[in-house]
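What follows is a set of notes on a single structure, which appears directly below.
Positions are given from 1 along the sequence.
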Amino acid sequence: MSSTKKNWPKLPLGIRLLIAAHSMSVDAFSRYDGNAVNRRLMNLFDPKASPSRKPDNGVVSSDVVVDTTRKLWFRLYSNTTTAGKMSIPIIVYFHGGGFAYMAANSMNYDDLCKRLAREIPAVVVSVNYRLSPEHRYPSQYEDGFDVLKFIDNPDFEGFSAFGNTDTSSKKAFFIAGDSAGGNLAHHVALKACQHQFSLLKLHGVIALQPFFGGEERTESERKLVGAPLISVKRTDWMWKAFLPHGYNRDHHVVNVFGPNSVDISDLPFPPTLVFIGGFDPLQDWQRKYVEGLNKSGKHVYKIEYPNAFHGFYAFPQLPDTSLLMAEIKNFVLKQLDQ
């Protein structure tokens with residue numbers, strides 16, 4: 001039996017209107033065959049924020065170009081109240097949007113990353129990776145790892161923002177992301193945990209409702225028909241736009257512990273924090289991810305919010321968003337103490 005709207009948590013009118021507008025724009029401006037998105041019209045529903053060179057509640061930000069040829073850049077957030085402190089970690093963040101939508105300077109993500117920088121506290125590197133379907137897998141993963149290599153360099157002018165210019169000790173960093181960004185966080189971390197960084201040390205992965213899938217239809221996908229933001233129709237389109245032509249959803253980057261998965265049991269994959277929402281159709285895939293990490297012998301921590309829909313953290317007024325921030329802070333501090 002599918003869920004009905006009267007079973008869903010009650011949301012303020014403003015949030016419901018924003019969700020409706022986003023859902024409408026995704027459906028209206030994405031070609032059905034997965035080969036194109038009308039960027040000009042889509043941007044009308046995705047307002048952008050400029051970097052804040054003046055402190056915004058203690059956080060300043062600037063944009064850093066990594067590669068002009070592929071328009072790869074990131075937004076760097078620094079907490080002015082903790083500047084120069086050795087204990088402040090780096091969070092490399094990947095935004096969500098099904099690999100096809102949103103950007104590092106999307107207003108919702110700008111607000112979210114400022115909050116991370118302020119409340120953890122941390123230096124946040126929010127990556128503006130290439131989008132599908134114009135750029136399919138593995139473009140996004142390549143962009144993510146290249147940003148890690150870019151900041152792992154004492155010649156990087158913004159390195160002083162990380163609060164540690166002493167190259168004799170490595171700087172702690174975490175890889176984080178939501179939805180498709182959570183998928184990115186996992187796969188970039190897989191590569192990062194096998195790489196010898198000069199100045200950085202990976203301490204953990206933070207996955208907010210990560211976007212995984214497979215050919216199978218899970219119970220939550222069948223049950224939560226009409227849930228906010230996410231539907232099987234939309235996620236099928238996103239995978240079709242992301243994967244190379246000829247591959248299905250059991251590709252190892254989609255179904256990470258499925259029939260074509262890569263064995264990670266011998267890899268030094270870091271501790272992982274996973275958030276799951278009770279009104280997210282993707283929740284069963286996220287539980288499979290947690291189970292897969294456990295079976296591979298990795299440390300994984302699962303946090304579930306029964307009334308949370310997919311993308312709830314984009315709305316700071318929701319109580320679960322504050323709870324999520326507190327859990328991220330606790331996880332970061334715990335890993336730094338290891």
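Looking at every heavy atom in both residues, L148 comes nearest to L200 through O-CD1, 3.9 Å. Heavy-atom minimum distance, G98 versus S132: O-OG, 4.2 Å. Across F212 and W239, no two heavy atoms sit closer than the pair C-CZ2, 3.8 Å. When every heavy atom of P306 is checked against every heavy atom of E304, the shortest pair comes out as CD-O, 3.7 Å. Smallest separation of non-hydrogen atoms from A172 and L336: CB-CD2, 3.5 Å. Of all the heavy atoms in V254 and G214, the pair that sits closest is CG1-N, 4.1 Å.
No donor-acceptor distance shorter than 3.5 angstrom exists from the side chain of S106 to the backbone of M102, with no hydrogens or angles considered. Using a distance-only test at 3.5 Å, with no hydrogens or angles considered, a donor-acceptor pair links the side chain of Q140 to the main chain of H135. Side-chain atoms of S61 come within 3.5 Å of backbone atoms of S52 as a donor-acceptor pair (strictly under, hydrogens ignored). In this structure, the side chain of Q286 does not engage the main chain of F211 through any donor-acceptor pair within 3.5 Å. One N or O on the side chain of T272 and one on the backbone of P270 form a donor-acceptor pair closer than 3.5 Å. With hydrogens and angles disregarded, no donor-acceptor distance shorter than 3.5 Å links the side chain of S296 to the backbone of S265. Using a distance-only test at 3.5 Å, with no hydrogens or angles considered, a donor-acceptor pair links the side chain of Q283 to the main chain of D280. Remark: side-chain polar atoms of R136 are paired, donor with acceptor, to backbone N or O of K240 under 3.5 angstrom. When atom types are taken as modelled, the side chain of E221 and the backbone of T218 share a donor-acceptor pair closer than 3.5 angstrom.
Within 6.0 Å of the NE2 atom in H195, the count of heavy atoms belonging to other residues, nucleotides or ligands exceeds 12. The environment of CZ in F197 is crowded: more than 12 heavy-atom neighbours from other residues, nucleotides or ligands sit within 6.0 Å.
In this structure the side chain of T68 never reaches within 4.5 angstrom of the side chain of W73, judged on heavy atoms. Here the side chains of P210 and H186 are not in contact, with every heavy-atom distance at 4.5 Å or above. The shortest side-chain heavy-atom distance between V124 and V92 does not fall under the 4.5 Å cut-off. Considering only heavy atoms from C-beta on, L72 stays 4.5 Å or farther from N128 through its side chain. L273 has its side chain within reach of I303: a pair of non-hydrogen atoms, C-beta onward, lies under 4.5 Å apart. A 4.5 Å side-chain heavy-atom check between I276 and R287 finds at least one atom pair inside the cut-off. Looking only at side-chain heavy atoms (C-beta outward), P51 and R75 come within less than 4.5 Å of each other. By the 4.5 Å heavy-atom criterion applied to side chains, T235 and I230 are counted as neighbours.
Judged by distance alone, the side chains of S30 and Y101 do bring a donor and an acceptor atom under 3.5 Å apart. Judged by distance alone, the side chains of N255 and D250 do bring a donor and an acceptor atom under 3.5 Å apart. Side-chain contact annotation: D178 with Y313, donor-acceptor N/O pair under 3.5 Å present. Side-chain contact annotation: S179 with H310, donor-acceptor N/O pair under 3.5 Å present. If you check the side chains of D67 and T69, you find a donor sitting under 3.5 Å from an acceptor. When only modelled atom types and interatomic distance are considered, T82 and R118 share no side-chain donor-acceptor pair under 3.5 Å.
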Run the numbers on F145 and Y141 for ring pair (Phe, Tyr, Trp, His ring centres under 6.0 Å), then give the verdict. CA-CA 6 Å; F145 191 69; Y141 301 149; over 10 Å; no

So K71 and D143, salt bridge (charged side-chain N to carboxylate O under 4.0 Å, His left out) or not? Walk me through it. CA-CA 10 Å; K71 298 180 181 179; D143 289 352; over 6 Å; no

Test side chain to side chain contact (heavy atoms under 4.5 Å, CB included) on F312 and F279 and set out the steps. CA-CA 10 Å; F312 71 94; F279 283 87; over 6 Å; no

Set out, in order, the CA-CA distance, both residues' side-chain angles and the distance that settles side chain to side chain contact (heavy atoms under 4.5 Å, CB included) for Y289 and V256, then state yes or no. CA-CA 7 Å; Y289 176 59; V256 291; 3.8 Å; yes

Taking it one step at a time, do I88 and N79 satisfy side chain to side chain contact (heavy atoms under 4.5 Å, CB included)? CA-CA 9 Å; I88 303 304; N79 188 319; 5.9 Å; no

Mind running ring pair (Phe, Tyr, Trp, His ring centres under 6.0 Å) on H95 and Y129 for me, showing each step along the way? CA-CA 9 Å; H95 68 81; Y129 54 85; 4.3 Å; yes

Working note: Y93 + Y77, criterion side chain to side chain contact (heavy atoms under 4.5 Å, CB included); need CA distance, chi angles, decisive distance, verdict. CA-CA 11 Å; Y93 194 87; Y77 298 85; over 6 Å; no

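A salt bridge is defined here as a Lys NZ or Arg NE, NH1 or NH2 lying under 4.0 Å from an Asp or Glu carboxylate O, and D152 with K149 fails to meet this definition. The pair K223-E219 does not count as a salt bridge, with every side-chain nitrogen at least 4.0 angstrom from each carboxylate oxygen. Between R222 and D284, no side-chain nitrogen of the basic residue sits less than 4.0 Å from a carboxylate oxygen of the acidic one, so the salt-bridge criterion is not met. A salt bridge links E142 and R130; the closest N-O separation between the charged side-chain nitrogens and carboxylate oxygens is under 4.0 Å. A salt bridge links K114 to D110: at least one charged side-chain nitrogen sits closer than 4.0 Å to a carboxylate oxygen.
Between atom CG of residue L318 and atom CG of residue L324 there is a gap of 11.0 Å, rounded to the nearest 0.5 Å. Atom OG of S62 sits about 4.5 Å away from atom CG of L76, to the nearest 0.5 Å. With rounding to the nearest 0.5 angstrom, the CG atom of D320 is 11.0 Å from the CD atom of E327. Separation of atoms CZ (R249) and CZ (F242) is listed at 14.5 Å; rounding is to 0.5 Å. If you take CG on N108 and NE2 on H22, they are separated by 9.0 Å, rounding to the nearest 0.5 Å.
F45 and F29 have their aromatic ring centers within a separation under 6.0 angstrom. Between F269 and H299, a ring centre-to-centre spacing not shorter than 6.0 Å is recorded.
By the salt bridge (charged side-chain N to carboxylate O under 4.0 Å, His left out) test, R217 is found to be paired with D236, residues two or more places apart in sequence or in another chain being considered. Under the side-chain hydrogen bond (donor to acceptor under 3.5 Å, both in side chains) criterion, N43 pairs with K48, sequence neighbours left out. With sequence neighbours left out, D27 forms a side-chain hydrogen bond (donor to acceptor under 3.5 Å, both in side chains) with R234.
Residues L41 and L18 share a hydrophobic cluster, clusters being chains of Ile/Leu/Val/Met/Phe/Trp/Tyr side chains in contact below 4.5 Å. Cluster membership check: M24 shares its hydrophobic cluster with F315, using side-chain heavy-atom separations under 4.5 Å among Ile, Leu, Val, Met, Phe, Trp and Tyr.
Taking the six-membered ring where the residue is Trp, Y305 and F275 present parallel rings, their angle staying beneath 30° rather than reaching 60°.
With a 6.0 Å cutoff to the six-membered ring centre and a 45° limit on the axis angle, K288 counts as a cation-pi contact of W285.
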